[in-house]
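Whatever order the structure lists them in is the order used to number ligands and atoms, beginning at 1.
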Amino acid sequence: MNEAFAESVEKEPSHSGYVGLVGRPNAGKSTLLNCLVGQKIAAVSDKPQTTRFRIQGVITKPNGQIVLVDTPGVHLPGYELNRRMMAAVQDALMGVDLVCLIRDASVSTGNGDRFVLDLVRQSAKPSQLLLNKSDKLKDKSKLLPLIEWYRAEHEWKAIVPISALRGDQIEQLLQETLECLPESEALFAEDELTDQSMRALAAEIVREKILETTGEEIPYVTAVVTEQWEEVREDFTRIHCVIFVERASQKKIIIGHGAQRLKQIGMRARREIEKLLGHRSHLQLFVKVEADWRERDHLLNEMGIK
Ligand SMILES: Nc1nc2c(ncn2[C@@H]2O[C@H](COP(=O)(O)OP(=O)(O)OP(=O)(O)O)[C@@H](O)[C@H]2O)c(=O)[nH]1
Ligand SMILES: [Mg+2]
């Protein structure tokens, strides 16, 4: 590198700030968060309403830092759980420098999309539009009417087609995003990837494995809390998680015939937790019936859904 160029690179101002990710359920918000952070910090599933609270991920680049705030998918609240999820979206929108509306570009526009767009407008924050799942579109020109529609409705700092799953256009997205953030030094240390505790991450991993191994009826009625976390040795952690469901019949589904399903959930979750910890662990799962937990304040608080 010649000296003049090296100097100009050094002098490039650093941009840092908070970026809120909002969108309908299943748009790929958490997939994008994990992809950008480079580590699995948010549960992902093909079932809607996977994310239940705000999850922060830190992305550090030579020219700045993005603190990405993942939020629950926007939906009509039915229970106290869902009201809290939507309050988390509103809170996130208030506290960020830039809003990213993420949209599944492979599905047609519905009322939910208008509702999310209104939230972005009401936030009165600079905003970007991310058209995700572009890998699903064989004919990329299909994006054009969508881009036109969103452009007519709102002023965007940028419109970026991406694939969060494959990592397409991610570097371009990062640079577009950094340009929209205020001039500032990094807000967090480079190794501080998330605001989530290991206990919370472990509980979310278990919940993700439940969503992976069960059908449509279970996701909404399941919550997981890490009740015990014991660092037995430097290289061995003992973890107890409680899985809450609302009815005895749901408990039976999660446990499965001969406890096969619970074993499978435990095995898959333990493998992932160990990757995160970098050492062995013992994961014990308990299934507990708590009728109406989705309406009960103290249980929701305990679950970290505040
Ligand atoms: N083909 C394809 N699938 C994707 C892409 N991004 C996410 N998905 C899938 O879409 C589904 C939903 O992804 P999530 O990241 O959980 O979506 P979310 O927006 O966080 O959903 P909620 O938390 O429920 O609001 C998962 O099955 C992902 O694998 C993408 O770029 N391409
Ligand atoms: Mg999510």
Side-chain angles (χ1 to χ4, degrees), residues 19-57 68-79 81-90 92-93 99-107 110 112-113 115-117 119-120 128-140 142-143 146 160-173 194-196 200-201 203-205 207-216 218-224 272 294 303-305:
V19 177
L21 260 185
V22 295
R24 290 174 63 183
N26 253 341
K29 298 175 289 299
S30 304
T31 306
L32 180 63
L33 177 81
N34 293 337
C35 166
L36 293 180
V37 171
Q39 190 174 306
K40 174 87 152 291
I41 54 173
V44 164
S45 90
D46 58 1
K47 318 250 181 353
Q49 297 177 32
T50 300
T51 305
R52 287 184 173 157
F53 42 80
R54 270 179 294 168
I55 301 173
Q56 200 167 288
L68 198 57
V69 185
D70 184 16
T71 64
V74 173
H75 63 284
L76 284 174
Y79 297 85
L81 163 70
N82 308 86
R83 282 189 284 280
R84 290 185 182 209
M85 285 160 71
M86 291 308 93
V89 178
Q90 294 282 3
L93 284 172
V99 175
C100 278
L101 191 168
I102 175 165
R103 163 75 149 81
D104 180 344
S106 70
V107 296
D113 295 300
F115 193 79
V116 178
L117 180 62
L119 283 181
V120 173
Q128 278 185 340
L129 174 65
L130 312 184
L131 298 174
N132 192 31
K133 309 198 186 183
S134 62
D135 57 288
K136 280 179 133 181
L137 297 174
K138 280 205 183 80
D139 178 7
K140 301 287 187 255
K142 291 244 166 71
L143 288 170
L146 202 56
V160 194
I162 58 165
S163 167
L165 192 69
R166 297 210 320 215
D168 296 348
Q169 290 278 89
I170 291 306
E171 198 47 43
Q172 188 203 337
L173 170 64
T194 181
D195 60 344
Q196 300 296 298
L201 289 174
E204 284 294 271
I205 290 172
R207 199 163 62 83
E208 185 187 79
K209 302 309 161 203
I210 296 170
L211 300 189
E212 235 173 63
T213 48
T214 56
E216 296 301 326
I218 292 297
Y220 306 104
V221 297
T222 309
V224 181
E272 215 163 282
R294 285 181 287 180
M303 290 162 188
I305 307 167

Please report whether ligand 1 has a polar contact with Arg166, defined as an N or O pair separated by less than 3.5 Å (distance criterion only).
no

Short N or O distance, Ala27 and ligand 1, threshold 3.5 Å exclusive
yes

Give the numbers and elements of all ligand 1 atoms closer than 4.0 Å to a heavy atom of Asp46.
27 (O)

If you measure every N or O of Lys29 against every N or O of ligand 1, does any of those distances drop under 3.5 Å?
yes

Report yes if some heavy atom in the side chain of Leu211 is under 4.5 Å from a heavy atom in the side chain of Thr50; otherwise report no.
yes

With a cut-off of 2.8 Å, does Thr71 put an N/O/S atom close enough to the Mg ion (ligand 2)?
no

Please check whether Gly28 reaches ligand 1 - meaning an N/O of the residue sits under 3.5 Å from an N/O of the ligand, judged on distance alone.
yes

Numbered atoms and elements of ligand 1 in range of Gln49, under 4.0 angstrom, heavy atoms
24 (O)

For atom 9 (C) of ligand 1, the protein heavy atom that lies nearest, with its residue and separation
Lys133 NZ, 3.9 Å

Winner among Leu165, Thr51, Asp168 once heavy atoms are compared against atom 23 (O) of ligand 1
Thr51

Closest non-hydrogen contact found for Lys142 with Leu137 is CB-CD2, 4.4 Å

Backbone N or O of Gly110 within a donor-acceptor pair of the Asp113 side chain at under 3.5 Å?
yes

Heavy-atom distances under 4.0 Å are what count here, so tell me which part of Val44 touches ligand 1: side chain, backbone, both or neither.
both

Would you call Gln128 and Leu173 a side-chain contact if the rule is heavy atoms closer than 4.5 Å?
yes

Ligand 1 versus Asp135, non-hydrogen atoms closer than 4.0 Å: side chain, backbone, both, neither?
side chain

Side-chain donor/acceptor of Arg84 to backbone N/O of Ile305, under 3.5 Å
yes

Would one find an N or O of Lys136, backbone or side chain, under 3.5 Å from an N or O of ligand 1?
no

Of all the non-hydrogen atoms in the protein, which one sits nearest to atom 6 (N) of ligand 1, and at what distance?
Asn132 ND2, 3.2 Å

I want to check something: taking the side chain as every heavy atom from C-beta on, are Lys40 and Ile205 in contact at a cut-off of under 4.5 Å?
no

Could an N or O of ligand 1 be found under 3.5 Å from any N or O of Ala43, whether backbone or side chain?
no

Pairwise side-chain contact, Leu32 with Asn132, heavy-atom cut-off 4.5 Å (strictly under)
no

Any N/O of Ala164 closer than 3.5 Å to an N/O of ligand 1?
yes

Please write down residue, atom name and distance for the protein heavy atom closest to atom 28 (C) of ligand 1.
Thr31 OG1, 3.8 Å

Minimum-distance protein heavy atom relative to atom 21 (O) of ligand 1:
Asn26 N, 2.9 Å

With a 4.5 Å heavy-atom cut-off, do Leu146 and Arg103 have their side chains touching?
yes

Shortest non-hydrogen contact from Pro25 to Pro48?
CB-CB, 3.6 Å

When you look for heavy atoms under 4.0 Å from ligand 1, do you find them on the side chain of Ser163, its backbone, both, or neither?
both

Check Ser45 against ligand 1 and report side chain, backbone, both or neither, counting heavy atoms closer than 4.0 Å.
backbone

The Mg ion (ligand 2) reached by Thr51 (N, O or S, under 2.8 Å):
yes

With a 4.5 Å heavy-atom cut-off, do Ile41 and Asn34 have their side chains touching?
yes

Within the structure provided, determine whether Thr51 and Asp70 are in side-chain contact (heavy-atom separation under 4.5 Å).
yes

Give yes if a backbone or side-chain nitrogen or oxygen of Asp70 is under 3.5 Å from a nitrogen or oxygen of ligand 1, and no if not.
no

Shortest non-hydrogen contact between Glu208 and Ala42, atoms and distance
OE2-O, 4.2 Å

Hey, are Asp104 and Arg24 close enough for a salt bridge, meaning a charged N less than 4.0 Å from a carboxylate O?
no

With atoms numbered from 1 as shown, which atoms in ligand 1 lie under 4.0 angstrom from a non-hydrogen atom of Pro48?
24 (O)

Ligand 1 to Gly73, heavy atom cutoff 4.0 Å, flagged ligand atoms 25 (O)

